[in-house]
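Note sheet for the following structure.
Note on naming: letters A, B, ... go to the chains in the order of the sequence lines (proteins, then strands), and numbering restarts at 1 for each one.
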Number of protein chains: 2
Amino acid sequence: MSETVYPLAGVAALERRGLRDRVYDLVLDMLMTADLAPGTRLSIDAIARDLRVSPTPVREALVQLERTGLVVREALKGYRVAPPLAAEHLEALFDARLVLEGGATDLAARHADGLVPRLEQALADHIAISHVVDEAVDLGEKLSVGLIRDYFAVDWNFHHLIFEGTQNPFLLDMSEAISTRVHRMRQTVKSGVSDADDAVLEHGAILEAFRSGEKDAPGRAMRDHIERVRERARRDVAADS
Amino acid sequence: MSETVYPLAGVAALERRGLRDRVYDLVLDMLMTADLAPGTRLSIDAIARDLRVSPTPVREALVQLERTGLVVREALKGYRVAPPLAAEHLEALFDARLVLEGGATDLAARHADGLVPRLEQALADHIAISHVVDEAVDLGEKLSVGLIRDYFAVDWNFHHLIFEGTQNPFLLDMSEAISTRVHRMRQTVKSGVSDADDAVLEHGAILEAFRSGEKDAPGRAMRDHIERVRERARRDVAADS
DNA sequence: CCCTCAAATATCCTATAGGAAAGAGGTCAG
DNA sequence: CTGACCTCTTTCCTATAGGATATTTGAGGG
């Protein structure tokens, strides 16, 4: 592990990425953390002023954000935070996840050997942070937005590793498109943290299926996991009304 | 079918979409039809001059194109036509298609009733244009780029209708990402027109599977079709060397 | 009290200009 | 003759300005 031998090399590399990517990361982080009300206007000029850059890179970053579904654009009217997922879109999202993640897990089973240790690490992180969440819940504390953000990151990392395990660049690209939608769902559906223990158990079952060496087992476990998440989400939506 | 009652309404609607989308369509069409050599530089200023617009909308269109995989961008160096698909990416693309299109076909089977007539129309168009292609081939004529373009459009339209048939916006989004990659593959792999008769037969089998009402039949037929296309592509790649 | 219309403001969209980096070609030293 | 260095050109990247459009606020009439 060679740490930055040349201290300025890292900074230069960041600069080398261009302003557009930095603005993209900043706006994406803003959308992920700060719970902005859907429909909130995202003024190009205002963002440019805040970030001390010209409107052009902001405009490019928003074009890129538009493809993720986090923001919507209306010609001659500007950008807005995307509306929340409608109920029928919720079912569609889970259908898409079953297709995409189920298939990806089948493919990843080909490379289970290299994948298992990485999933073990991810599951360990998941367990650790879920314990922190449980303690906070037991104490009746309000979960900090930072903790929630970290939990979601660790949770999704498990799924992301499986996409990487397919060694398929096309499926990996699509996983990014799905991840933003999943995050948006979690903002509307209140669950996602409360079922931490369930998620840990089900992820463990998926890992065990990879270890078994059985070709179809991981895909079955993943599809079962997604179906259970869907059921929990349905319950939470029903409880809202 | 109400033809444009107000002749200018259509033009106004196009204007309403903003310059960015028109530039996007034009550049996309350019990349699709004109077989540009991979690595060709896409100068922002040059395109802006050709289209008589400012560089800003061109820049936005290229950001959007970048997500489709048709162009690649290097910071501070500009945009280039994407390199051709490597052999290992070819296999990965077919794996992704099996996952995505196979799953989408399973979902579309739920709405087979509304889908079948549209597929019938698409297949009829496919048959008609394949006859034109066959005649041209029999006469030993060189296929015009317009004919090839139309054939690909009709061929893919069949697959696109199935994605629409899922009534799932997320899968429909991903289908657009796949379609550009499939087109790029067709530019490198020389087949795709020569197997017109095979494609028609296999599409017919998929349609018949939808008609049968059997739940798993369409997905099986689609996966079988994609595997056969994969085999034909492999043969063409092997023949090249 | 509500609706309609009009003016003002804020914003988006496009165009133009300047600074900076990368690439090409020529020149000079070894 | 070969390699390195320097200069020039092209292009990208950012910033600023002006025209067009949507939204909002206010007043007047029904």
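Distance CG (B/Asp45) to C1' (C/dA22): 15 Å, rounded to an integer number of Å. When rounded to the nearest whole Å, the span between CD of A/Glu60 and P of D/dC12 equals 12 Å. In this entry the distance linking CZ of B/Arg20 with C1' of C/dC13 reads 12 Å, nearest Å. In this structure, CZ of B/Arg49 is placed 14 Å from C1' of C/dT16, rounded to the nearest angstrom. Distance, B/Leu42 CG to D/dT10 C1': 16 Å, rounded to whole Å. As rounded to whole Å, 14 Å separates atom C1' of C/dC12 from atom CG of B/Asp21. One can place CD1 of B/Ile44 at 16 Å from P of C/dA22, the figure rounded to the nearest angstrom. Atom CZ of B/Arg80 is separated from atom C1' of C/dA22 by 11 Å (rounded to the nearest Å).
When the shell of 6.0 Å around CZ of B/Arg118 is examined, it contains 12 or fewer heavy atoms from other residues, nucleotides or ligands.
Salt bridge annotation for A/Glu60-B/Arg73: absent, with no cationic side-chain nitrogen under 4.0 angstrom from a carboxylate oxygen. One finds no salt bridge joining B/Arg235 and B/Asp195 here, because no Lys/Arg side-chain nitrogen approaches an Asp/Glu carboxylate oxygen to under 4.0 Å. In this structure, A/Glu91 does not pair ionically with B/Arg110, as no charged nitrogen and carboxylate oxygen lie closer than 4.0 Å.
Annotation: the span from B/Met30 atom CE to B/Leu26 atom CG amounts to 9.5 Å, rounded to 0.5 Å.
Between B/Lys77 and C/dG23 there is a side-chain polar atom (N or O) within less than 4.0 angstrom of OP1 or OP2. Distances shown here put every side-chain N or O of B/Arg41 at or beyond 4.0 Å from the OP1 or OP2 atom of D/dT11. At D/dA15, one or more side-chain N or O atoms of A/Ser54 fall inside 4.0 Å of OP1 or OP2 (strictly under the cut-off). Contact check, A/Ser43 against C/dA10: no side-chain N or O comes under 4.0 Å of OP1 or OP2.
When each of A/Ala46 and B/Val53 is assigned the nucleotide of DNA chain C bearing its nearest heavy atom, the one mapping closer to the 5' terminus is A/Ala46. If you find the closest nucleotide of DNA chain D to A/Pro55 and to B/Arg59, the one lying nearer the 5' end belongs to B/Arg59.
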